[in-house]
Amino acid sequence: MSAEIARRDFLKAAAAGAAGIAAASVFGGASAFAEDQARVFEGKKKFAGIGSIREVTEDILYVGASDRRIQLFENVYPIPRGVAYNSYVLLDEKTVLFDTVDRSVTGQFFENLTAVLDGRELDYLVVDHMEPDHSSAISEVLVRWPNATVVCTKAAALILNQFFACDISDRSILVDEGDTLNVGRHTLTFVMAPMVHWPEVMMTYDDVSGALFCADAFGSFGALNGNLFADEVDFEKDWLPDARRYYCNIVGKYGPQVQDVLSKAASVDIRILCPTHGPVWRENLGWILEKYSLWSSYTPEEKAVMVVYGSVYGGTESAANALAAQISQKGIADVAVYDVSKTHVSELIAEAFRCSHIVLAAITYNMGIFTPMKNFLLDLEAHNLQNRVFAIVENGSWSPASGRQMKEIVSRLSGCSIVGDTVTIRSSPDSGDSDALIALADAVAASVTDESAVPEAAEAAAGKKWVCKICGYVYEGDAVPEDYVCPICGAGPDAFEEA
Ligand code: FEO
């Protein structure tokens with residue numbers, strides 16, 4: 001292909017967006033194009049100095065970047081502290097890049113990567129996770145370093161082609177569980193981690209440093225501010241809420257799959273956790289592993305009560321406040337009250353994963369549950385929350401129905417129970433409701449202090465899982481239906497085996 005044609009392809013692809021640019025050029029076989037682009041990128045070297053690079057070890061370097069402009073992660077989750085897209089380079093006899101970044105931060109990323117490689121070839125690009133917040137720069141990496149080989153799962157190669165029309169069949173190594181790649185002093189081992197958080201996910205273990213490049217696992221919302229390591233910040237105070245919110249909302253549904261990876265990790269000497277978001281862990285790994293063990297087994301992190309209310313004219317709010325005060329009066333210190341209409345549902349989901357007890361107080365609306373409360377409960381169900389104790393307060397001016405309907409949803413949550421009697425408010429609480437609210441507060445408080453009230457983790461995640469042998473997709477259910485087709489690779493039920 002001539003440079004002229006390649007340039008035309010570039011312009012054509014540009015009209016379709018940046019992601020298509022490299023796809024149209026690299027995979028049109030455009031070495032002349034690459035040369036042209038190399039001259040363009042040469043100009044970028046005007047600041048090819050230190051970049052915003054951090055050393056993870058003597059030969060593993062952080063080349064990721066943070067986005068502080070973004071409002072909504074995945075166009076859903078508010079992230080006022082921004083987010084980091086982590087990428088790492090290993091400099092050995094061969095050079096290896098672990099994942100790329102979101103398209104919002106490619107400028108900083110390429111500045112970093114160019115500085116770290118310092119004129120060396122990029123030999124391998126390991127794709128642990130294909131979601132575009134980590135893969136948007138793959139096509140451009142392959143343009144800039146035309147000799148780089150992609151190392152990924154078969155499912156990742158499929159999804160890469162789906163997103164970016166990027167056919168890597170002639171420059172890839174497709175790996176599976178336990179496969180290894182020697183790059184000089186270091187040998188990399190690939191560990192499959194389907195559904196943590198997509199089906200194509202794998203993790204990569206480096207035998208020299210003990211680093212596990214763990215994709216979204218152990219990640220967090222929050223931009224990095226120069227500090228890279230969790231031990232360089234007050235993680236529990238400043239990062240844990242966002243790490244919890246990230247896990248519960250992004251990966252929370254896939255607790256059994258996270259448990260699988262944690263059991264694999266238990267037999268490996270992991271000394272560093274290199275996630276694709278948030279700080280890197282090199283100290284006190286047991287602390288964050290314990291959090292993951294609790295979250296992924298749907299075990300409450302704290303003996304605590306969250307009171308969530310949905311109120312229009314203040315009656316239900318008043319009842320919720322009274323109930324919270326009475327629960328606290330009984331000696332339960334960790335009580336938190338939320339207006340379901342105001343608090344973002346991702347915060348509520350995270351709190352539900354933290355707390356052992358959840359009080360739901362909602363008005364009746366259109367003969368059902370107040371819409372924001374219903375959305376919250378359906379989101380809890382979608383995230384597979386289990387093993388909690390609930391209490392119910394309903395309000396209805398003429399035909400209260402929210403209590404029964406909230407109970408129905410709670411009854412579908414595995415290992416969850418309801419304590420006390422439903423309190424029914426008519427429009428606004430009056431003195432006649434006091435005894436019922438106090439009785440419910442007594443029941444909740446007694447349940448919090450009762451060690452046997454909340455089911456243990458072992459009861460969680462009891463459902464069967466079936467793994468597609470071709471692409472790693474996990475089907476959850478008692479049996480794979482006869483007419484089932486794998487949504488990733490199109491395989492039939494015969495391709496699935498029980499995990
Ligand atoms: Fe950070 Fe699942 O991507």
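Counting starts at 1 for both ligands and their atoms, in listed order.
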Contacts table for residues 191-199: side-chain donor-acceptor under 3.5 angstrom, sequence neighbours left out:
residue : atom : partner : partner atom : Å
His197  : ND1  : Glu131  : OE1          : 3.2
His197  : ND1  : Asp216  : OD2          : 3.2

Checklist entry - So, Asn387 versus Thr299: side-chain donor-acceptor pair below 3.5 Å or not? => result no

Checklist entry - With a cut-off of 2.8 Å, how many protein N, O or S atoms neighbour atom 2 (Fe) of ligand 1? => result 4

Item to check | Phe229 six-ring centre to Arg282 NZ/CZ under 6.0 Å and within 45° of normal | outcome: yes

Item to check | Residues Arg244, Glu302: salt bridge by 4.0 Å N-O rule | outcome: no

Item to check | Parallel, tilted or perpendicular, as decided by the 30° and 60° cut-offs, for the rings of Tyr85 and Phe73 | outcome: parallel

Next on the checklist: Parallel, tilted or perpendicular, judged at 30° and 60°: which one describes the rings of Tyr298 and Phe353?
Outcome noted: tilted

